[in-house]
Amino acid sequence: MKEEKIRVLMIEPHKYPQEHILKNDLNSMQEAVGGLIDIIGLEENVCVLLNDDGKLIGLDGNRRLWNGDIIAGTFYVCGSDNEGNLTSLNDEQIERYSQMFFEPQEFRKEEVEETIRIDFFMF
């Protein structure tokens, strides 16, 4: 069953992570990231909710991921279930990802732009 509100970790550029309650609907998520949303899997049942166009619209670089990509703009670490719903993080996950994303990182605009990637899919 889809949770009405979820407990997540909010990561803003230039700031330390904060626990946050996010309304679990599309409009609220788009408002939270400031535009269209994208979801990237971090590991099983944990994902990142971010602005899909963050790099293209010039949002500040925020944190570098394990694969070298840089997330631009505010993002949220969320849980997920097997049906594709976003879910609350538990205490252990809040602690783990707070440590993982603890240190604010600074990026030059050029560094962020270099990680822009556009994928084309043929059907």
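Remember, predicted model here, so these are calculated numbers, not experimental data.
Using modelled atom types, one side-chain atom of Lys109 and one backbone atom of Gly58 make a donor-acceptor pair closer than 3.5 Å. Not one N or O on the side chain of Gln30 forms a donor-acceptor pair closer than 3.5 Å with the backbone of Asn27. With hydrogens and angles ignored, the 3.5 Å screen pairs no side-chain donor or acceptor of Asp53 with any backbone N or O of Leu36. Judged purely by atom type and a 3.5 angstrom limit, Ser80 has no side-chain atom pairing as donor or acceptor with the backbone of Asn85.
Side-chain heavy atoms closer than 4.5 Å link hydrophobic residues (I, L, V, M, F, W, Y) into clusters, and following such links, possibly through other members, connects Met100 to Ile11. Following chains of ILVMFWY side-chain contacts shorter than 4.5 Å, one can reach Leu65 starting from Leu9, so the two form part of one hydrophobic cluster. Linking Ile, Leu, Val, Met, Phe, Trp and Tyr residues whenever their side-chain heavy atoms come within less than 4.5 Å places Val33 and Ile39 in a single cluster. Cluster membership check: Ile37 does not share its hydrophobic cluster with Val77, using side-chain heavy-atom separations under 4.5 Å among Ile, Leu, Val, Met, Phe, Trp and Tyr. By the criterion of side-chain heavy atoms lying less than 4.5 angstrom apart, applied directly or through intervening Ile, Leu, Val, Met, Phe, Trp or Tyr residues, Leu50 is grouped together with Trp66 in one hydrophobic cluster.
If you chain together ILVMFWY residues whose side-chain heavy atoms come under 4.5 Å of each other, Leu56 ends up grouped with Ile116.
Inter-residue side-chain proximity for Cys78 and Met29 is flagged as unmet; no heavy-atom pair is nearer than 4.5 Å. Within the 4.5 Å cutoff, the side chain of Lys15 has no heavy atoms near those of the Met10 side chain. Side-chain contact between Gln105 and Ile71 is absent, with no heavy-atom pair separated by less than 4.5 Å. Residues His14 and Glu106 have side chains in contact (heavy-atom distance under 4.5 Å, counting atoms from C-beta outward). Side-chain contact check for Ile40 versus Leu42: every heavy-atom pair is 4.5 Å or farther apart.
Checked against side-chain contact (heavy atoms from CB on, under 4.5 Å), Glu19 has the following partners two or more places apart in sequence or in another chain: Arg7, Ile94. Considering only residues two or more places apart in sequence or on other chains, Glu4 meets the side-chain contact (heavy atoms from CB on, under 4.5 Å) condition with none of them. Scored by the side-chain contact (heavy atoms from CB on, under 4.5 Å) test, Glu31 finds no partners at all (sequence neighbours excluded).
Counting only residues at least two apart or on different chains, the ring pair (Phe, Tyr, Trp, His ring centres under 6.0 Å) pairs with a member in residues 70-95 are His20-Tyr76, Phe75-Phe101. Residues in residues 39-51 take part in these side chain to side chain donor-acceptor pair (under 3.5 Å) pairs, two or more places apart or across chains: Glu43-Arg96, Glu43-Tyr97.
Between Glu3 and Asn24, the closest heavy-atom pair is O-ND2, 2.9 Å. Annotation for Glu111 and Phe107: closest pair OE1-CA, 3.4 Å, computed over non-hydrogen atoms. Nearest heavy-atom pair across Leu22 and Ala32 is CD1-CB, 3.7 Å. Heavy atoms only, all atoms of each residue included: Lys2 and Asp25 are closest at NZ-CA, 4.5 Å. Between Pro13 and Thr74 the shortest heavy-atom distance is CD-OG1, 3.7 Å. Closest approach of Ile6 to Ser88, counting heavy atoms only: CA-OG, 3.3 Å.
Environment of CG in Asn67: crowded, with over 12 heavy atoms of neighbouring residues, nucleotides or ligands closer than 6.0 Å.
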